[in-house]
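Quick notes on the structure that follows.
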Amino acid sequence: MTLQTQLVLRTLLETPAKARYGLELSDAAGLPTGTIHPILARLEGAGWLESFWEDRNEIEKTDPPRPRRRYYRFTSGGTEEARVALARAYLGGRASARLRPAPGQTGV
């Protein structure tokens, strides 16, 4: 799992029940929108996220008018999948760092 994907998942897990749109996630994760949207598409394709378009009536209330937003939220099992995947990524990173021999030493 890429670091960028981990950042997106961590951002979504801050408020797992809340639907969030791409630019909001981009700002919160500190990643460009061009990076965020392919990650969101992959997570949706994997069944971890679902997306929906903002209601047109909500946009009409904004001043000035703006384009519709696409919102993303976890599916019923997606939250747990994300937590497990992040834990594995964290433990895998720690384990691989721990098992690397120090410079000048041979591995076990």
Using 0.5 Å steps for rounding, measure from the [atom1] atom of [X] to the [atom2] atom of [Y].
X: L49; Y: Y72; atom1: CG; atom2: OH; value: 8.5 Å
X: L12; Y: L86; atom1: CG; atom2: CG; value: 10.0 Å
X: R68; Y: D55; atom1: CZ; atom2: CG; value: 8.0 Å

**Q.** Closest non-hydrogen atom pair between A85 and W48, with its separation
**A.**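 Looking at all heavy atoms of both residues, the shortest contact is CB-CH2, 3.5 Å.
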Q.
If you compare all heavy atoms of F74 against all heavy atoms of P16, which two are closest, and at what distance to 0.1 Å?
A.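 Closest approach of F74 to P16: CD1-O, 3.6 Å.
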Q | R70: partners by side chain to side chain donor-acceptor pair (under 3.5 Å), with sequence neighbours left out | A |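 With neighbours one apart ignored, the set is S51.
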Q.
Among residues at least two apart in sequence or on other chains, which ones pass salt bridge (Lys or Arg N to Asp or Glu O under 4.0 Å) with R56?
A.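 Partners of R56 under the salt bridge (Lys or Arg N to Asp or Glu O under 4.0 Å) test: none.
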Q | Test salt bridge (Lys or Arg N to Asp or Glu O under 4.0 Å) applied to R69 - qualifying residues, sequence neighbours left out | A |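 Partners of R69 by the salt bridge (Lys or Arg N to Asp or Glu O under 4.0 Å) criterion come out as none, since no residue qualifies.
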Q.
When you compare the side chain of R88 with that of V84, does any pair of heavy atoms fall below 4.5 Å?
A.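 A side-chain contact exists here, since the closest heavy-atom pair is under 4.5 Å.
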**Q.** Any pair counted as salt bridge (Lys or Arg N to Asp or Glu O under 4.0 Å), so long as it reaches residues 2-17, sequence neighbours left out
**A.**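 As it turns out, there is no salt bridge (Lys or Arg N to Asp or Glu O under 4.0 Å) pair with a partner in residues 2-17 once direct neighbours are skipped.
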For residues [X] and [Y]: do they belong to one hydrophobic cluster (side chain heavy atoms under 4.5 Å, members Ile, Leu, Val, Met, Phe, Trp, Tyr)?
X: L3; Y: L40; value: yes
X: Y90; Y: L7; value: no
X: W53; Y: L43; value: no

Q: Not counting sequence neighbours, which residues clear side chain to side chain contact (heavy atoms under 4.5 Å, CB included) with A28? List them please.
A: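 For A28 the side chain to side chain contact (heavy atoms under 4.5 Å, CB included) partners, ignoring immediate neighbours, are T11, R20.
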Q: Under the side chain to side chain contact (heavy atoms under 4.5 Å, CB included) rule, collect the residues that match up with R42, sequence neighbours excluded.
A: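 Counting only residues at least two positions away or on another chain, R42 forms a side chain to side chain contact (heavy atoms under 4.5 Å, CB included) with T5, P38, I39.
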Q) Backbone N or O of M1 within a donor-acceptor pair of the Q6 side chain at under 3.5 Å? A)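 Looks like yes, one N/O pair under 3.5 Å.
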Q: Output every pair passing side-chain hydrogen bond (donor to acceptor under 3.5 Å, both in side chains) with a member in residues 73-83, not counting sequence neighbours, ordered by first then second residue.
A: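 Sorted result for residues 73-83: E50-R73.
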Q | All pairs passing side-chain hydrogen bond (donor to acceptor under 3.5 Å, both in side chains) where residues 25-39 contributes a residue, at least two apart | A |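 Counting only pairs at least two positions apart or across chains, no side-chain hydrogen bond (donor to acceptor under 3.5 Å, both in side chains) contact touches residues 25-39.
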Q) Does L23 sit in a hydrophobic cluster with other residues, and if so which ones, taking ILVMFWY side chains as linked at heavy-atom separations under 4.5 Å, directly or through other members? A)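 Its cluster partners, ordered by chain and number, are Y21, F52, Y71.
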